[in-house]
*Asks:* 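There's a structure below that I have some questions on.
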Amino acid sequence: LLEQNPSGRGTLVNEVVNGSAASTSKIRAGDFIVSISSSGRTADCAWLSLAQVKEVIMQAKCPVRLQLRRGGPEPWMLSRDGSGLSVEQMMDEASRRYGRLLEEEQEEALRAAFAALKETEMRKANQEAVAGGF
């Protein structure tokens, strides 16, 4: 069973049902879904909503390959879209340059701003992918 990540970005495995295909694999509750591959195509799921991930799964043809990540920050924080840095890389650079000047509250506001920027970039990339037939 899947659920939306706590941040609202991406999806994670909430529960693995006994007797399911997932129960015989290495999938565990709490795993983040990073991407789904099928028929030579890969969908980056780090920024997709739960509904979008379910749609990717429904349209996938067998066999399906899941890329999962266990533990650590949610995948969207580490995801690079090919046009720049990940949110965590941006935060590392901001901390390196302005660390002594940033208070915790300001740091969280900056992280949220960087995430919004990346989310806009990813939404545009997804729209272009759909327009291109993916």
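Values below: every heavy atom of this structure, side chains too, minus hydrogens, waters and symmetry copies.
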*Asks:* Among Asp31, Leu50, Val56, Leu48, which one satisfies side-chain contact (heavy atoms from CB on, under 4.5 Å) with Thr11?
*Replies:*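 Only one of Asp31, Leu50, Val56, Leu48 forms a side-chain contact (heavy atoms from CB on, under 4.5 Å) with Thr11, namely Leu50.
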*Asks:* Would you check if Gln67 and Ser37 make a side-chain contact, meaning some heavy-atom pair closer than 4.5 Å?
*Replies:*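 The answer is no, as the side chains (C-beta and beyond) never meet within the 4.5 Å cut-off.
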*Asks:* Heavy-atom distance under 4.5 Å between the side chains of Ile57 and Val64, does that happen here?
*Replies:*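 No, their side chains stay 4.5 Å or more apart.
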*Asks:* Which distance, rounded to the nearest 0.5 Å, do you find between the OG of Ser20 and the CD1 of Ile27?
*Replies:*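 Reported value, rounded in 0.5 Å steps: 8.0 Å.
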*Asks:* Tell me the closest heavy-atom pair linking Arg28 and Arg70, and the distance in Å.
*Replies:*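 Residues Arg28 and Arg70, closest heavy atoms: CG-NH2, 3.1 Å.
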*Asks:* Are Ile33 and Leu12 packed together at the side-chain level, in the sense that at least one heavy-atom pair is separated by less than 4.5 angstrom?
*Replies:*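 Of all side-chain heavy-atom pairs linking Leu12 with Ile33, none is under 4.5 Å.
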*Asks:* Going hydrophobic residue to hydrophobic residue with side-chain gaps under 4.5 angstrom, can you get from Val53 over to Val16?
*Replies:*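 Hydrophobic grouping puts Val53 with Val16.
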*Asks:* If you measure from OG on Ser39 to CZ on Arg65, what distance do you get to the nearest 0.5 Å?
*Replies:*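 One finds 14.0 Å between OG of Ser39 and CZ of Arg65.
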*Asks:* Are Leu110 and Met91 close enough that some pair of their side-chain heavy atoms sits under 4.5 Å apart?
*Replies:*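 SC-SC contact between Leu110 and Met91 confirmed.
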*Asks:* At their closest point, which heavy atom of Phe114 faces which heavy atom of Ala94, and how far apart are they?
*Replies:*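 Closest heavy-atom pair between Phe114 and Ala94: CE1-CB, 4.4 Å.
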*Asks:* Treating Ser38 as the side-chain partner and Lys61 as the backbone partner, does any N or O pair qualify as donor plus acceptor under 3.5 Å?
*Replies:*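 Yes, because the side chain of Ser38 sits within donor-acceptor range (under 3.5 Å) of the backbone of Lys61.
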*Asks:* Rounded to the nearest 0.5 Å, how far does CD of Glu107 lie from CZ of Arg111?
*Replies:*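 Those atoms lie 6.5 Å apart.
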